[in-house]
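Notes to accompany the following structure.
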There are 2 protein chains.
Amino acid sequence: MGTTTTTGGTQDDVRARIVAAADALFYGRGIQAVPMDEVRAAAGVSLKRLYAEFPGKEALVVAVLQERHRVWEEGLAAAAAGLVEPRARLLAVYDFLDLWFTDETFRGCGFINAFGELGASSPAVAEAARAHKDTFERYVSRLAAEAGADDDLAPALVLLAEGAQTTAAISGRPDVARQARRAAEVLIAAAVPAGG
Amino acid sequence: MGTTTTTGGTQDDVRARIVAAADALFYGRGIQAVPMDEVRAAAGVSLKRLYAEFPGKEALVVAVLQERHRVWEEGLAAAAAGLVEPRARLLAVYDFLDLWFTDETFRGCGFINAFGELGASSPAVAEAARAHKDTFERYVSRLAAEAGADDDLAPALVLLAEGAQTTAAISGRPDVARQARRAAEVLIAAAVPAGG
DNA sequence: ACAGACGGAGAACGATCGTTCTCCGCAGTC
DNA sequence: GACTGCGGAGAACGATCGTTCTCCGTCTGT
């Protein structure tokens, strides 16, 4: 697993570099707006290597979404790190969104964007988006259950988070995250029996 | 307004037919996935006529979004028709979504989809999406004010509605509208001082 | 009936893109 | 130092697409 003799770096390195470059380009401009040759240039690899790592553009898109999913889950975990109360961990979701929305490159949810652009013609992309949203819903549901809330809370909190992403993207107002958080506080208070 | 001698129909007819055909295709498959020639075929016009009505694809996309905005506002008004209480009119938003989500052709918010696909490269498309979301937010804000709610309610209700659209699209579950409605009921109850 | 304009069908054009192929330099081996 | 094979650079290929142009039939007015 040492560095190879080529300038390309480790095989995993190359893959990661391609995915990172493709993600930035796809997310920022839309997938079909970015030619493979631009991904190649941004990743600093040859077309031959690019197609050796990914059989085609669709496979690259799926890999990009999978990595984006991994990073999302990492960020979500980091936002909740150190917090013990389920309620605080639930609200950390919106703090995480707040952080994200203020990022200059923010342009909405990459999964929603990819789904809208390619979901109808690419089952793999549609499935990646579905899986991503599904794990997020499961995560929120688990926390809501730990908080002792009724079954209606988690779906509602998910809707707030999803709505915040698209609204922040289109309106360009990052404070949407705080609005979502305040609404979440109200819903949580109403959903937890004793007032926890 | 009699029929003209050509097979094309009235000029307004032709424009409307083109927009309707383009909307169905763009919305269902993604904009870049639909060639102009397919719009032409679906609308039953010639390419010459198509380009006589719209100087290019982007202008057609904008026209499609404007018409979609008009239909959205019509549907929203129809859902609130006959209801007098502001609270009921607010909740009618989610009944309207419910109706929409159960439509077989539902595939998310056309504005969000268009924004994700083309917003980065087409200011006109980005602006159409922004304008659409803006008028919706104004509409909800007006109703919330009429209901005597505090300023936090309207943005929260908007987030629920937006989140419902993307979640319904990706997860494919139309009952998301009812979940959003229940959450909205809780938020409204908490935001209106006296309980009205 | 005929000149002339209009509009349709679809070929044509130029550009772009995903993907593959060719050519060449270079590293390691005897 | 010749040989081999890998990988890079980028040309090439085939397909698609947005847009324009050509050709031809038809309808109008006289």
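Every value quoted in this text rests on a predicted model; they were computed, and no experiment measured them.
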> Rounded to whole angstrom units, what separation is found between the CG atom of A:Leu50 and the C1' atom of C:dT20?
Replying inline: 13 Å

>> Measure CG/A:Leu47 against P/C:dC17 and give the value in whole Å, please.
In response: 13 Å

> Passes ring pair (Phe, Tyr, Trp, His ring centres under 6.0 Å), A:Trp72 versus A:Phe136? Steps please.
Replying inline: CA-CA 9 Å; A:Trp72 160 276; A:Phe136 176 57; 5.4 Å; yes

>> Rounded to whole Å, how long is the line connecting atom CD of B:Glu58 with atom C1' of D:dC17?
In response: 16 Å

> Parallel, tilted or perpendicular: which fits the ring planes of A:Phe106 and A:Phe101, with parallel below 30° and perpendicular above 60°?
Replying inline: tilted

> Are A:Lys133 and A:Glu162 ion-paired here, with the side-chain N under 4.0 Å from a carboxylate O?
Replying inline: yes

> Of all the nucleotides listed (C:dG8, C:dG18, D:dG18), which has the minimum atom distance to the side chain of A:Tyr51?
Replying inline: C:dG18

> Would the number of heavy atoms belonging to other residues, nucleotides or ligands and lying under 6.0 Å from CZ of A:Arg173 be above 12?
Replying inline: yes

>> I'd like to know if B:Arg130 pairs up with B:Glu127 as an ion pair, taking the criterion as any Lys NZ or Arg NE/NH1/NH2 lying under 4.0 Å from an Asp or Glu carboxylate oxygen.
In response: yes

> Between B:Arg40 and A:Lys57, which has a closest nucleotide on DNA chain C that is more 5'?
Replying inline: B:Arg40

Identify all side-chain donor-acceptor contacts of residues 152-160 of chain B below 3.5 Å with residues at least two apart in sequence or on another chain.
unit_1, atom_1, unit_2, atom_2, d
B:Asp152, OD1, A:Arg182, NH2, 3.4
B:Asp152, OD2, A:Arg182, NE, 2.9

> Heavy atom of residues 26-39 of chain A under 4.0 Å from DNA chain C: which residues?
Replying inline: A:Val34, A:Pro35, A:Met36

>> Does a side-chain N or O of A:Lys48 approach OP1 or OP2 of D:dG7 to a distance below 4.0 Å, or not?
In response: no

>> If I take atom CD in residue B:Glu53 and atom C1' in nucleotide C:dG8, what distance separates them, rounded to the nearest angstrom?
In response: 15 Å

> In whole angstroms, how far is the C1' atom of D:dT19 from the CG atom of B:Leu60?
Replying inline: 14 Å

